Amino acid sequence: MMTNTQRQYPVQGAGLGLRRSMMGETLNPSDVDFLEVAPENWIGVGGRYGRWFREFTERFPFVTHGLSLSIGSPAPLDEALVRSIKDFIKTHNIRCYSEHLSYCSDHGHLYDLLPIPFTEEAVRYVAGRIRRVQDILEQRIAMENVSYYAAPGQEMDELEFLNAVLQEADCDLLLDVNNIYVNAINHRYDPEQFLLGLPAERIRYVHVAGHFDEAEDLKVDTHGAPVIDPVWALLQKAYAAFGPMPTLLERDFNIPPLPELCEEVDQIRQYQTAAGAHMHSAEPPRAEVIHGR
């Protein structure tokens with residue numbers, strides 16, 4: 001298995017999604033190691049918001065997580081958007097661009113993230129569009145494993161589909177631990193087994209977030225609540241398997257005061273530190289000695 005010392009990540013440590021509602025609050029590099037935004041929310045923004053954002057991109061490492069690429073849509077790829085994102089990445093020295101492995105448009109915006117059919121045809125179609133985006137950007141992108149609530153026309157399971165797309169497109173992975181937990185409950189599979197089936201060498205960074213319990217067997221990915229213990233436990237299993245990867249806390253609504261968010265960010269750091277200490281303290285396996293006659 002490839003270790004962290006053999007992999008290069010775009011950022012390090014524990015990060016936080018930057019939201020406009022945080023304007024006016026004090027955020028220091030001692031609080032978070034990196035920040036993330038949706039580029040569509042900031043492209044072309046001027047005035048005091050633009051100045052505020054520029055101040056942050058000059059002080060913190062940034063990654064971006066897109067909302068509108070709609071990589072699985074039957075509509076033509078929005079290449080004008082991709083070129084705008086390319087300029088945004090250059091202007092603000094963005095370390096990584098990621099998007100959702102889903103779609104949100106069909107000759108019009110649908111205002112939701114919808115699942116791509118888990119089929120061989122969809123693998124080829126989506127991978128071709130990802131390769132085109134990478135060609136325009138002149139860099140690799142990371143696709144996120146998404147939460148979904150139905151699987152129309154399913155020919156393969158979620159893990160097979162995700163791995164096939166990553167391989168065919170030769171792109172990277174944004175690993176969302178909460179989405180694995182949510183999907184595992186909703187679709188009744190083993191989250192740890194899913195986690196261990198992912199290609200470690202393609203992981204660029206990790207998302208962790210809260211969700212809503214609609215019922216005992218139905219979880220809804222909302223990013224509107226604190227991270228729960230089973231998701232923290234799954235994150236620690238990810239660190240045990242792959243090392244302490246850079247990890248970002250997502251919170252999109254019901255956003256508490258910044259000190260509360262920083263407490264969750266600090267919890268990520270504690271798990272990363274513990275995982276790193278365990279890796280360094282573990283003895284390498286001893287070579288088996290075979291005695292001859």
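The basis for the numbers below is simple: all heavy atoms, side chains too, and nothing from hydrogens, waters or symmetry mates. Note that the structure is predicted; figures quoted are calculated from it, not measured.
- Inspection of the Glu250 and His207 side chains reveals an N or O donor paired with an N or O acceptor under 3.5 Å.
- In this structure, His187 and Tyr148 have parallel ring planes: the angle between them is below the 30° cut-off, well short of the 60° mark.
- For the pair Arg20 and Trp42, the distance from NZ or CZ to the six-membered ring centre is under 6.0 Å and the angle to the ring normal is within 45 degrees.
- Within the 3.5 Å criterion, the main-chain N or O of Leu159 finds a donor-acceptor partner in the side chain of Asp157.
- Minimum interatomic distance between Val146 and Asn183 (heavy atoms only, all atoms of both residues): O-ND2, 2.9 Å.
- Taken from CD1 in Ile71 to CG in Leu77, the straight-line distance is 5.5 Å, to the nearest 0.5 Å.
- Within 6.0 Å of atom CD in Glu58, more than 12 heavy atoms from other residues, nucleotides or ligands are found, so the atom counts as buried in its surroundings.
- Going from atom CG of Asp266 over to atom CG of Leu261 covers 12.5 Å, rounded to the nearest 0.5 Å.
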Problem - Derivation and outcome, side chain to side chain contact (heavy atoms under 4.5 Å, CB included), residues Glu168 and Glu120 - result: CA-CA 11 Å; Glu168 181 75 14; Glu120 292 285 353; over 6 Å; no

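- Under a 3.5 Å cut-off, the side chain of Arg19 and the backbone N or O of Ile255 do not form any donor-acceptor pair.
- The ring-ring contact (aromatic ring centres under 6.0 Å, His included) test with Phe62 singles out one residue from Tyr97, Phe53, Phe88, Phe34, and that residue is Phe53.
- A side-chain donor-acceptor contact under 3.5 Å links Thr64 to the backbone of Cys96.
- Between the side chain of Arg129 and the backbone N or O of Ser70, at least one donor-acceptor pair lies under 3.5 Å.
- With Gln12 contributing its side chain and Asp33 its backbone, the two residues share no donor-acceptor pair below 3.5 Å.
- Looking only at atom types and distance, the side chain of Tyr239 has a donor-acceptor partner in the side chain of Thr247 under 3.5 Å away.
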Problem - Test salt bridge (charged side-chain N to carboxylate O under 4.0 Å, His left out) applied to Arg83 and Glu79, step by step - result: CA-CA 6 Å; Arg83 290 188 172 88; Glu79 295 192 0; 3.5 Å; yes

